[in-house]
Number of protein chains: 2
Amino acid sequence: MSTPLHISISEQLRHQIEVGEYRSGDRLPSEHQLMETFSVSRITARQAMANLVSQGLAIAYRGKGVFVTPQKKVTYSLSSPLVFLDHDMARQGVAFTFENLVFEPTLAPAAVATVLGIPPKASVYLQKKLLRMDGAAGAVDVSYLVADLGERFASLLEQQMSFPTLAKNGIPLDRVDAVVECTHADYDLSGYLEVPLGHALMVYRYTAYTRDQRPVLHGATISRADRFCYSLSTRAEPG
Amino acid sequence: MSTPLHISISEQLRHQIEVGEYRSGDRLPSEHQLMETFSVSRITARQAMANLVSQGLAIAYRGKGVFVTPQKKVTYSLSSPLVFLDHDMARQGVAFTFENLVFEPTLAPAAVATVLGIPPKASVYLQKKLLRMDGAAGAVDVSYLVADLGERFASLLEQQMSFPTLAKNGIPLDRVDAVVECTHADYDLSGYLEVPLGHALMVYRYTAYTRDQRPVLHGATISRADRFCYSLSTRAEPG
DNA sequence: AAACTCAACTTGTTATAACAAGTTGAGTGA
DNA sequence: TCACTCAACTTGTTATAACAAGTTGAGTTT
């Protein structure tokens, strides 16, 4: 056997999870139990558990144990991000809550100013939101809104998502340019989103334009990969 | 200080990477050097390195050292996946190579048969491809194509991407429904894609329909998160 | 000059040990 | 009954130790 012991153990546990021997939310054997079952040291048992955690299959809680990760995903449609609605999400069986962390005027960072087409260090509104799904953290959103619209809709934006709020209040949007990528949780984000260090996160970077092609909103939604996915439908150009 | 030593060390290294003190591809201090620099045991030094690896900031090679991960990303446009072209990618400064791993008729798994609207265990063509970027593995693609089209374009499909090949050869597509999600590399995929266990991967699941609304192609592209991202532009509905 | 050997590095695996810190439930006391 | 204490669990952090295995370059041999 050239495969390490900790790999053998974690692969065996992974198989047991996949065939349903351990179900979502179940507690896996403790390190001590693994030590006895496989006759290995705690380091090896621990490494096996770390493998499962790094694969997103389990999550460890100090004092409690290691539990199989629930894989309940919610789909966010990129084909129509302009009509994102709470009840559209509730239909998927998840209770959503927004928590406004920050909403204040600030000086635009260089990169943001470039995208929004305003002078560097011009005034913009910075908004940070935390999205909870069934009470647990699901995503954080950091966005910059041009100053005039920020002032105009300050009271509304502190409680709602940006796209529909703008569209419903006399600021029809023309389009949203976006990039979807994937990253690993750093120390800060792992704390915010309640995931282990290195956990996979989805990043949705967006820039919204009004009908006169003015970029007014630029930001990123960083969401837990185990709770979020994006759907879209692309039509072929006629011809 | 309640923050663990290994976190302090990895955060310090992370900062040095971010400010450019260590550049892409540079070798980080060895475990032995960290032990002396910070007066810690090898376990702690090792844990600090593991933190960087799990965050995708570095990658370790046995016998060689730990190196800062190059973050060269290629963008794939979801707004027009039907016209994916090699030269469109080459424009981004990366040399692409397709490696056909599998192309053979097989029996459709239940889930695939459902999506393609064919009887369970009907015949389909299974294709597995490996996409290399500048020689290094970038993505794997696993797709199922309905039998009649598989037979018709067998010779072509062994060398090219699916969407443009179909569109260019008399099978105009109507649309592609897709879901973008994110996962962690399991033991198999980490070997294929040359990434550490648990590394973030993007998953692009797609179903392509012809103009008569017939689903003909269903599959998934699994790509390295550090080398791939997706872009799209969403227009507001007129009205 | 070419090929081989090998010491000195590197990270990977595994064991033993101790203490810290969070959670839980049984038992004790008021 | 209620509240408190605490033992017995859990995972987290850290140290010391040894060997395995891959890489590299200096040195030797051919």
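Within every chain, numbering begins at 1; the chains are lettered A, B, ... in the order of the sequence lines, protein sequences first and strands thereafter. In this text, all values refer to a predicted model and were calculated from it rather than measured experimentally.
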Integer-rounded Å distance: [N] [atom2] and [X] [atom1]:
{"X": "A/Lys64", "N": "C/dG25", "atom1": "NZ", "atom2": "C1'", "value": "15 Å"}
{"X": "A/Glu31", "N": "C/dA17", "atom1": "CD", "atom2": "C1'", "value": "15 Å"}
{"X": "A/Ile59", "N": "D/dT10", "atom1": "CD1", "atom2": "P", "value": "19 Å"}

Can you name the closest pair of heavy atoms from B/Gln71 and B/Ser24 and give their distance?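 For B/Gln71 versus B/Ser24, the nearest heavy atoms are N-OG, 4.4 Å.
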
Taking all atoms of both residues into account, what is the closest heavy-atom pair of B/Gly150 and B/Tyr125, and its distance? CA-CD1, 3.6 Å

Per the ring-ring contact (aromatic ring centres under 6.0 Å, His included) rule, what does the pair list look like for residues 2-60 of chain A, sequence neighbours excluded? none

Starting at the 5' end of DNA chain C, which residue's closest nucleotide do you reach first, A/Leu5 or A/Arg62?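 In this pair, the answer is A/Leu5.
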
More 5' along DNA chain C: B/His32 or A/His6, using each one's nearest nucleotide? B/His32

Check the pair A/Cys182 / B/Cys229 against disulfide (SG to SG under 2.5 Å), numbers first and verdict last. CA-CA 7 Å; A/Cys182 191; B/Cys229 65; over 6 Å; no

Do B/Tyr206 and B/Tyr204 have ring centroids that are under 6.0 Å from one another?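 Yes, they do, as the ring centres are separated by less than 6.0 Å.
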
For residues A/Met202 and B/Val180, determine if any side-chain heavy atom of one lies less than 4.5 Å from a side-chain heavy atom of the other. yes

Evaluate the side-chain proximity of B/Val102 to B/Gln127: yes if any heavy-atom separation is below 4.5 Å, no if none is.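 No, their side chains stay 4.5 Å or more apart.
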
Note on DNA chain C: ranges paired as stems (three or more Watson-Crick/G-U pairs in a row, both atom distances under 3.5 Å) are C:1-22 with D:9-30, C:24-30 with D:1-7

Basic-acidic side-chain contact under 4.0 Å: B/Arg205, B/Glu181: yes

Contacts to DNA chain C from residues 33-48 of chain B, heavy-atom cutoff under 4.0 Å, which residues? B/Arg42, B/Arg46

